[in-house]
Undergrad: 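Encoded as structure tokens, here's the structure I'll be asking about.
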Amino acid sequence: AEMYDDAPYPMAATTVAPGTGGVNAQLAVGGSVSGTVYDDDGVTGIEGIPVTAGTAAIGVGSPSAITGPGGSYTIRGVPAGDAYVSTVVTEYNELNDTDYLNASVTVPVAQGVETPGADLTLGAGGRIQGTVTGGGGPLAGVAVSAQNPTVWTNPTYSDYTGTDGAYVLRGVEPGVNYKVQFSTTEFNAANDAGFASESYSDSHSDSFTPVNVSVGSATAGISATLEEGGTVSGIVYLPDGITPAEGIRVYDPYRQVVF
């Protein structure tokens, strides 16, 4: 994949005006990467896992494939160079109620050549689960997330509560110090409500109760009963102090979007 004119990423692309003709591309021949994705036992191949192959030359979407029977995959059209091959297990975990962790490997890719043996063994994670209530009943559509704020590269795990107020954060890396947040921004906008966001357990500040996650187990009962908050309104002006500024987002002290 590329952008015009022979650019590997958007910032390097050449812009063209509407109606311009001759906006053509001569695509380079890439290589391919193949391998097998295994369960955390290192033996059982897993079907249905998306795998991507990113390189420094890709800026418009990495080539990808989905594992077939036995966990095998082949990704074609990979630019020459070192390819970062990685699984994407989020949707698979959701559909299959599993807690796999992503796996990755870097392999060299040559033009017109297949690089075999890029095998990946998924890790075993855990999960965090609970329910969110408010106003005397379950709240559906509240965004729940967990992240270790002390680890820069730690991913954010997220889910939305169901009609029963329950949520499950699947495939969480085992560890300590997870901050679980219950964000009401989207819920309030969709339901004309005014529930206040909070962190576990019942915190409306930067403080939180750390949540621990172990391999192959569920950390349950990480729940919240949300409180009705107040509202704040006003007008944001441009530097002249007269002209209203449209489209500006306004945050409360804890970075929850309120407008």
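The first residue in the sequence is number 1, and the count goes up from there.
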Undergrad: So, does Thr156 use its side chain to make a donor-acceptor pair with the main chain of Gln147 at under 3.5 Å?
TA: no
Undergrad: For the pair Tyr167 and Phe182, name the ring-plane relationship: parallel under 30°, tilted 30 to 60°, perpendicular over 60°.
TA: perpendicular
Undergrad: Can you tell me if CD on Glu228 sees more than 12 non-hydrogen neighbours from other groups inside 6.0 Å?
TA: yes
Undergrad: I'd like to know if the side chain of Thr115 and the backbone of Pro108 have a donor-acceptor N/O pair within less than 3.5 Å.
TA: yes
Undergrad: Any pair with a residue in residues 232-241 that passes side chain to side chain donor-acceptor pair (under 3.5 Å), sequence neighbours left out, goes on the list, sorted by first then second residue, please.
TA: Asp240-Thr243
Undergrad: Can you tell me how far OG of Ser34 sits from CZ of Arg76, rounded to the nearest 0.5 angstrom?
TA: 9.0 Å
Undergrad: Could you check whether atom CD1 of Ile235 has more than 12 heavy atoms from other residues, nucleotides or ligands sitting under 6.0 Å from it?
TA: no
Undergrad: What I want to check is whether the side chains of Tyr84 and Ser104 have a donor and an acceptor closer together than 3.5 Å.
TA: yes
Undergrad: Where the side chain of Asn148 meets the backbone of Val176, is there a donor-acceptor pair that is under 3.5 Å apart?
TA: yes
Undergrad: Please check if the side chain of Asp119 supplies one atom and the backbone of Thr36 the other of a donor-acceptor pair under 3.5 Å.
TA: yes
Undergrad: Side chains of Asn96 and Thr98: do they bring a donor and an acceptor to under 3.5 Å?
TA: no
Undergrad: Quick check for you: to the nearest 0.5 Å, what is the distance between Tyr178 atom OH and Ser145 atom OG?
TA: 12.0 Å
Undergrad: Using 0.5 Å steps for rounding, measure from the CD atom of Glu91 to the CD1 atom of Ile49.
TA: 10.0 Å
Undergrad: Mind checking what makes salt bridge (charged side-chain N to carboxylate O under 4.0 Å, His left out) contact with Glu94, not counting sequence neighbours?
TA: Arg170
Undergrad: I'd like to know if the side chain of Ser203 reaches the main chain of Tyr200, judged simply by a donor and an acceptor atom lying under 3.5 Å from each other, with no hydrogens or angles considered.
TA: no
Undergrad: Using salt bridge (charged side-chain N to carboxylate O under 4.0 Å, His left out) as the criterion, list what pairs up with Asp41, not counting sequence neighbours.
TA: none
Undergrad: First locate atom CG of Leu101, then atom OG1 of Thr121, and finally report the distance between them rounded to the nearest 0.5 Å.
TA: 12.5 Å
Undergrad: Is atom CD of Glu114 surrounded by more than 12 heavy atoms (other residues, nucleotides or ligands) closer than 6.0 Å?
TA: yes
Undergrad: Tell me yes or no: between the side chains of Thr106 and Asp82, is some donor less than 3.5 Å from an acceptor?
TA: no
Undergrad: Give, for atom CG of Leu122 and atom CG of Asp39, the distance between the pair rounded to the nearest 0.5 Å.
TA: 7.0 Å
Undergrad: Please round to the nearest 0.5 Å and tell me the distance separating atom NZ of Lys179 and atom OG of Ser207.
TA: 8.0 Å
Undergrad: Applying the side chain to side chain contact (heavy atoms under 4.5 Å, CB included) test to Phe195, which of Val142, Leu139, Thr185 qualifies?
TA: Leu139
Undergrad: Can you find a side-chain donor-acceptor pair between Tyr157 and Glu173 that sits under 3.5 Å?
TA: no
Undergrad: Give a yes or no answer on whether the side chain of Arg127 reaches the backbone of Asp97 with a donor-acceptor pair at less than 3.5 Å.
TA: yes
Undergrad: Test Thr87 against every option in Thr52, Val105, Thr67, Asn102 by the side chain to side chain contact (heavy atoms under 4.5 Å, CB included) rule and name the one that passes.
TA: Asn102
Undergrad: Will you find, in the side chains of Ser197 and Thr184, an N or O donor that is under 3.5 Å from an N or O acceptor?
TA: yes
